[in-house]
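Position 1 is the first residue of the sequence; numbering continues from there. Just so you know, these numbers come straight off a predicted model, no measurement behind them.
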Amino acid sequence: MPDTATGLRHVEHVMGTVFSFDIRDRPTPAVRRALAEAVRHLHRIDAMFSTYRSDSHISRLGRDEIRLEDCPPEVHEVLSLCARAAHTSDGWFSIVPAGTLDPSGLVKGWATEAASQLLHDAGAHHTCINGGGDLQLRGRAAPDTAWRIGIAHPLRPGEPATVITADHDLAVATSGTAERGHHIVDPHTGRPADTFASLTLVGPRLTLTDTYATAAFARGDGARDWVETLDGYEAFAILPDGREWRTPGFSRYGT
């Protein structure tokens, strides 16, 4: 955990991806303890929700080996949040997108937001937690410097599609095909969603920002109108032919 008098950084491989912690506050003992707890939290969540582990609670629940009452409270919380997201998105967010129980579309953002909250509660108010490309930002990068986050262009490797600037708490989530191919499924047809090359959503907290980004990507042609109904969320999309669109308020954040 390399650090300075004014910051602390850490990288953790967990949940099948890389989480990075960029803490711009003084690394007090309380902040160090919170960072260690945040890392433990991510591994604990992975053990509960990994669809690649046959012994995880979510895998066993999906096979009807255990009941919901037998699961930790975190499982109840996640499934409740998933039900809310499914309702808000008119079913475009689903915990059974390919026919099996899989709340992964919400879990990573939820776990990242919770890790950010642990640090905030310990006194770290200027942080960037990056969970596999989805970010929860708090405060500023420096007293007079906003966070600047480059969003990779899905069709032009090595080039940024836009740069998001934030001088306050903000979540940024991108769903796309560049890294994992067509991995988001249209829950109504079971086929891969292919309207977008990438879709970036910004919002106040990462749990729902990440979830709504997945739902918007799956929704396809109706995504722009739907995002514009969501209070506090803005979107930037790139289509497979290179065309782009932004919701009206996105200009407050991105170039």
Asker: Does Val75 reach the side chain of Val78, with side-chain heavy atoms less than 4.5 Å apart?
Answerer: no
Asker: Do you know the tightest heavy-atom contact between Cys128 and Leu137?
Answerer: SG-CD2, 3.4 Å
Asker: Considering all heavy atoms of both residues, which atom of Ala216 and which atom of Ala223 are nearest to each other, and what is their separation?
Answerer: O-CB, 3.3 Å
Asker: Do the charged groups of Asp55 and Arg60 touch, with an N to O distance under 4.0 Å?
Answerer: no
Asker: Do the side chain of His125 and the main chain of His120 share a donor and acceptor less than 3.5 angstrom apart?
Answerer: yes
Asker: Return yes when atom CG of Asp144 has more than 12 non-hydrogen atoms of other residues, nucleotides or ligands closer than 6.0 Å, and no otherwise.
Answerer: no
Asker: To the nearest 0.5 Å, how far apart are CD1 in Ile58 and CE in Met48?
Answerer: 10.5 Å
Asker: Going by an N to O cut-off under 4.0 Å, is there a salt bridge joining Arg219 and Asp186?
Answerer: no
Asker: Take a 6.0 Å sphere around CG of Asp221 and say whether it holds more than 12 heavy atoms from other residues, nucleotides or ligands.
Answerer: no
Asker: How long is the straight-line distance from CG of Asp46 back to NE2 of His13, given to the nearest 0.5 Å?
Answerer: 13.5 Å
Asker: Ser59 side chain to Arg53 main-chain N or O, any donor-acceptor pair under 3.5 Å?
Answerer: yes
Asker: Write down the atom of Leu118, the atom of Ala38, and the distance for their closest heavy-atom approach.
Answerer: CD1-CA, 3.7 Å
Asker: Provide the closest heavy-atom pair for Ala197 versus Pro154 in the form atom of the first, atom of the second, distance.
Answerer: CB-CG, 3.7 Å
Asker: Around atom CZ of Arg63, are there more than 12 heavy atoms of other residues, nucleotides or ligands at under 6.0 Å?
Answerer: yes
Asker: Which atom pair, heavy atoms only, marks the closest approach of Cys82 to Pro103?
Answerer: SG-CB, 3.8 Å
Asker: With side chain to side chain contact (heavy atoms under 4.5 Å, CB included) as the test, would you mind laying out the steps for Thr51 and Ser104 before giving the verdict?
Answerer: CA-CA 8 Å; Thr51 58; Ser104 301; 4.1 Å; yes
Asker: Report the residue from Leu119, Leu42, Leu135 that forms a side-chain contact (heavy atoms from CB on, under 4.5 Å) with Ile129.
Answerer: Leu119
Asker: Rounded to the nearest 0.5 Å, how far does CD of Glu244 lie from OG1 of Thr162?
Answerer: 8.0 Å
Asker: Please report whether the ring centroid of Trp92 lies less than 6.0 Å from that of His188.
Answerer: yes
Asker: Main chain of Thr112, side chain of Ser116: is a donor-acceptor contact present, judged purely on distance under 3.5 Å?
Answerer: no
Asker: Nearest 0.5 Å, what's the CZ-CD distance between Arg205 and Gln117?
Answerer: 7.0 Å
Asker: Given the rule in the side chain to side chain contact (heavy atoms under 4.5 Å, CB included) test, do Leu35 and His10 qualify, once you have shown the distances and angles that lead to the verdict?
Answerer: CA-CA 9 Å; Leu35 175 57; His10 178 71; 3.9 Å; yes
Asker: May I ask you to decide if Leu206's main-chain N or O and Gln136's side chain share a donor-acceptor pair within less than 3.5 Å?
Answerer: yes
Asker: Can you list everything that forms a side-chain contact (heavy atoms from CB on, under 4.5 Å) with Thr174? Sequence neighbours excluded, please.
Answerer: Ile151, Ser198, Thr200
Asker: Decide yes or no on side chain to side chain contact (heavy atoms under 4.5 Å, CB included) for Phe21 and Thr127, but give the supporting numbers first.
Answerer: CA-CA 7 Å; Phe21 296 78; Thr127 61; over 6 Å; no
Asker: Find the distance between OH (Tyr212) and CG (Leu201) and round it off to the nearest 0.5 Å.
Answerer: 9.5 Å
Asker: Go through the structure and list residues passing side chain to side chain donor-acceptor pair (under 3.5 Å) with Arg24, not counting sequence neighbours.
Answerer: Asp22
Asker: Go through the steps for Phe19 and Val39 under the test side chain to side chain contact (heavy atoms under 4.5 Å, CB included), then give the verdict.
Answerer: CA-CA 9 Å; Phe19 281 74; Val39 169; over 6 Å; no
Asker: Within the 4.5 Å heavy-atom criterion, are Tyr253 and Thr165 side-chain neighbours or not?
Answerer: no
Asker: Please name the pair of heavy atoms, one in Trp110 and one in Thr207, separated by the smallest distance, quoted to 0.1 Å.
Answerer: CA-OG1, 3.2 Å
Asker: Please examine the side chains of Met15 and Phe49, heavy atoms only from C-beta on, and report whether any two atoms are closer than 4.5 Å.
Answerer: no
Asker: Give, for atom OG1 of Thr88 and atom CG of Leu208, the distance between the pair rounded to the nearest 0.5 Å.
Answerer: 7.5 Å
Asker: Hey, are the side chains of Lys108 and Asp134 touching, using non-hydrogen atoms and a 4.5 Å cut-off?
Answerer: yes
Asker: Would you indicate whether the side-chain heavy atoms of Arg9 and Ser20 approach each other to under 4.5 Å?
Answerer: no
Asker: Are Ile66 and Leu101 in one and the same hydrophobic cluster, where Ile, Leu, Val, Met, Phe, Trp and Tyr link if side-chain heavy atoms are under 4.5 Å apart?
Answerer: yes
Asker: More than 12 foreign heavy atoms under 6.0 Å from CZ of Arg148: is that the case here?
Answerer: no
Asker: Please say yes or no: joined through hydrophobic side-chain contacts below 4.5 Å, possibly via intermediate residues, are Val18 and Tyr52 part of one cluster?
Answerer: no
Asker: Do Val172 and Thr209 have side chains that get closer than 4.5 Å, going by heavy atoms?
Answerer: no
Asker: Taking atom types as modelled, find out whether Thr100 and Asp102 have a side-chain donor-acceptor pair closer than 3.5 angstrom.
Answerer: no
Asker: Can you tell me if Thr247 and Glu234 form a side-chain donor-acceptor pair at under 3.5 Å?
Answerer: yes
Asker: Suppose we screen for side chain to side chain donor-acceptor pair (under 3.5 Å). Which residues come up paired with Arg40, at least two apart in sequence or across chains?
Answerer: Glu37
Asker: Is the shortest side-chain heavy-atom distance between Val163 and Ile149 below 4.5 Å?
Answerer: no
Asker: Taking C-beta and beyond as the side chain, do Leu170 and Pro204 meet within less than 4.5 Å on heavy atoms?
Answerer: no
Asker: So, are Arg138 and Asp169 salt-bridged, with charged N and O less than 4.0 Å apart?
Answerer: yes
Asker: Would Glu74 and His76 count as a side chain to side chain donor-acceptor pair (under 3.5 Å) if you check the C-alpha gap in whole Å, the side-chain angles of each, and the deciding distance to 0.1 Å?
Answerer: CA-CA 5 Å; Glu74 290 89 344; His76 296 249; over 6 Å; no
Asker: Look only at the side chain of His57 and the backbone of Cys71, and say whether a donor-acceptor pair between them is shorter than 3.5 Å.
Answerer: no
Asker: Anything under 30° is parallel, anything over 60° is perpendicular, the rest tilted; go ahead and classify Trp245 against Phe196.
Answerer: perpendicular
Asker: Thr211 and Thr214: side-chain donor and acceptor closer than 3.5 Å?
Answerer: no
